Amino acid sequence: MAVEPIIYIVHYAITIALFYLQSNVILPRLSKNRLRWLWIPLFCIIFLLMYIAAHLIGEIFLIHLLDKPIKPWYGYTWQSFLKNGYRGLFFMGFSTGYFYLRNYMAQRNLTQQLETERLISIIEQQQIRSELDVMQNAFLKAQINPHFLFNILNYIHLQTIKSAPQISEAVTTLASVMRFAFDIEHAGERIRLGDELEQVNDISYLYSLKKGQGTLKLDYELAVCELQLIPLVLLTLAENCYKHGNLAEQDAEMSVLLENDHLKISTWNRTSQQKPLSSTKNGLANLEKRLLTAYGNTHLFTYGNDGNGGFTVQLDIPLEQVLQSSANRGKETGIVEPHGA
């Protein structure tokens, strides 16, 4: 009785090995062969002979391992041959069934996955259509609302032009700034620098209407007006001065100059101890990312405290990176104060 487990272990090990050899190695390769109709029947005969031979070799191994008396043909008879052949056919059937069952499960999982992906794609397309509808409605509203707003501002301008000319001028300037903000959404990747300088000038005028509020002194060369730059660079720097600077104590400064074939933009303002009522604190950081996207590593953009109670921003871009649509003009530098101050 003590030797029986070894006999079972050897024969079952042979059966299991041949089972997975057929289902995981041989059948997958034969199923992809164009002549599988010829190879599969031939394989069944070969595999059946392999099964019988493997068990015969296992039996010989056990005889020598257990020191059993050696019989003619190691005790292998026609009955043993037919018995192993029957078992071989039995396990071949199970192995083949396992192979096709596994393929069926894999194919079903793949079909379910493709169906899930198709449904997800349909849902995403419906969401995109829904978002497009919302965007189209928002676009239509955006087209209506600005016209309505500009009509109101124009009405206020006409009603106050005689009785309160300063208010009338302020409303006109505000309308100009707002129109620029609406139009910038439809502008290209570059805008004329002179147009943005005019907006900085208008914003400075509006801020100057506040009593006790300083202004932003703008120093630029006329030649820079025709240069093309990514939008909202100057306006972002001007907004930073007004939001975070103490202009009541000292005017802020902005310069836009050409030096040594470089466009150099700089601002300075006295640092304010009060935090602005509303600030995303991302203006300069977002501008830095936009500049990096537009000009790569060819530009230099730095900002920070100067150590003397002021805040400085420096932007240096090679002219060849900026010069896309510029006019040839002579340099003429001047200090420009906001109009109406």
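These numbers come from a predicted model, not from an experiment.
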Partner of Cys225 under side chain to side chain contact (heavy atoms under 4.5 Å, CB included), chosen from Leu193, Asp195, Leu197
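By the side chain to side chain contact (heavy atoms under 4.5 Å, CB included) criterion, Cys225 pairs with just one of Leu193, Asp195, Leu197: Leu197.
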Would you mind telling me which of Val256, Ile265, Ile191, Leu291 makes a side chain to side chain contact (heavy atoms under 4.5 Å, CB included) with Leu229?
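Filter result, single survivor: Ile265.
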Are [X] and [Y] packed together at the side-chain level, in the sense that at least one heavy-atom pair is separated by less than 4.5 angstrom?
{"X": "Leu315", "Y": "Tyr295", "result": "no"}
{"X": "Leu300", "Y": "Ile317", "result": "no"}
{"X": "Thr312", "Y": "Thr302", "result": "no"}
{"X": "Tyr98", "Y": "Ser95", "result": "no"}
{"X": "Thr111", "Y": "Gln107", "result": "yes"}
{"X": "Gln314", "Y": "Asp316", "result": "no"}
{"X": "Met254", "Y": "Trp268", "result": "no"}
{"X": "Ile230", "Y": "Arg190", "result": "yes"}

What is the minimum heavy-atom distance between [X] and [Y], and which atoms define it?
{"X": "Gln166", "Y": "Tyr205", "value": "O-OH, 3.8 Å"}
{"X": "Glu196", "Y": "Val233", "value": "OE2-N, 2.9 Å"}
{"X": "Leu235", "Y": "Gln199", "value": "CD2-CB, 3.9 Å"}

Full working for side chain to side chain contact (heavy atoms under 4.5 Å, CB included) between Leu218 and Glu253:
CA-CA 6 Å; Leu218 187 57; Glu253 299 174 1; over 6 Å; no
Is it possible for you to say whether Tyr20 and Phe99 belong to one hydrophobic cluster, with membership spreading through side-chain heavy-atom contacts below 4.5 Å?
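Yes; tracing contacts between hydrophobic side chains, which count when under 4.5 Å, links both residues.
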Roughly how far apart are [X] [atom1] and [Y] [atom2], rounded to 0.5 Å?
{"X": "Asp251", "Y": "Cys241", "atom1": "CG", "atom2": "SG", "answer": "11.0 Å"}
{"X": "Leu237", "Y": "Leu284", "atom1": "CG", "atom2": "CG", "answer": "6.5 Å"}
{"X": "Ile123", "Y": "Leu119", "atom1": "CD1", "atom2": "CG", "answer": "6.5 Å"}
{"X": "Leu216", "Y": "Leu234", "atom1": "CG", "atom2": "CG", "answer": "10.0 Å"}
{"X": "Asn269", "Y": "Asn240", "atom1": "CG", "atom2": "CG", "answer": "6.5 Å"}
{"X": "His262", "Y": "Leu258", "atom1": "NE2", "atom2": "CG", "answer": "11.0 Å"}

Assess, by modelled atom type and distance only, whether the side chains of [X] and [Y] contain a donor and an acceptor separated by less than 3.5 Å.
{"X": "Asn246", "Y": "Glu249", "result": "yes"}
{"X": "Gln250", "Y": "Arg270", "result": "yes"}
{"X": "Ser204", "Y": "Thr215", "result": "no"}

Taking Lys264 first and then Glu259, would you say they form a salt bridge - that is, a charged N and a carboxylate O separated by under 4.0 Å?
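Result for this pair is yes, salt bridge flagged.
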Check whether more than 12 heavy atoms from other residues, nucleotides or ligands sit under 6.0 Å from atom CD1 of Ile167, and answer yes or no.
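No - once you tally the heavy atoms of other residues, nucleotides and ligands closer than 6.0 Å, there are 12 at most.
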Is there a donor-acceptor pair under 3.5 Å between the side chain of [X] and the backbone N or O of [Y]?
{"X": "Asp306", "Y": "Asn308", "answer": "yes"}
{"X": "Arg102", "Y": "Gly97", "answer": "no"}
{"X": "Thr173", "Y": "Glu169", "answer": "yes"}

Salt bridge (charged side-chain N to carboxylate O under 4.0 Å, His left out): which pairs involve residues 104-127, sequence neighbours left out?
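Qualifying pairs, neighbours excluded: Glu115-Arg118.
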According to the interplanar angle, ranging from 0 to 90°, do the rings of Tyr242 and Tyr207 count as parallel (below 30°), tilted (30 to 60°) or perpendicular (above 60°)?
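Aromatic pair Tyr242/Tyr207 classed parallel.
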Run Glu226 and Arg192 through side chain to side chain contact (heavy atoms under 4.5 Å, CB included) and show every step you take.
CA-CA 6 Å; Glu226 300 302 323; Arg192 182 174 173 272; 2.9 Å; yes
Take Gln113 and Asn109 through the test side chain to side chain contact (heavy atoms under 4.5 Å, CB included) and record every step on the way to the result.
CA-CA 6 Å; Gln113 181 181 356; Asn109 291 338; over 6 Å; no
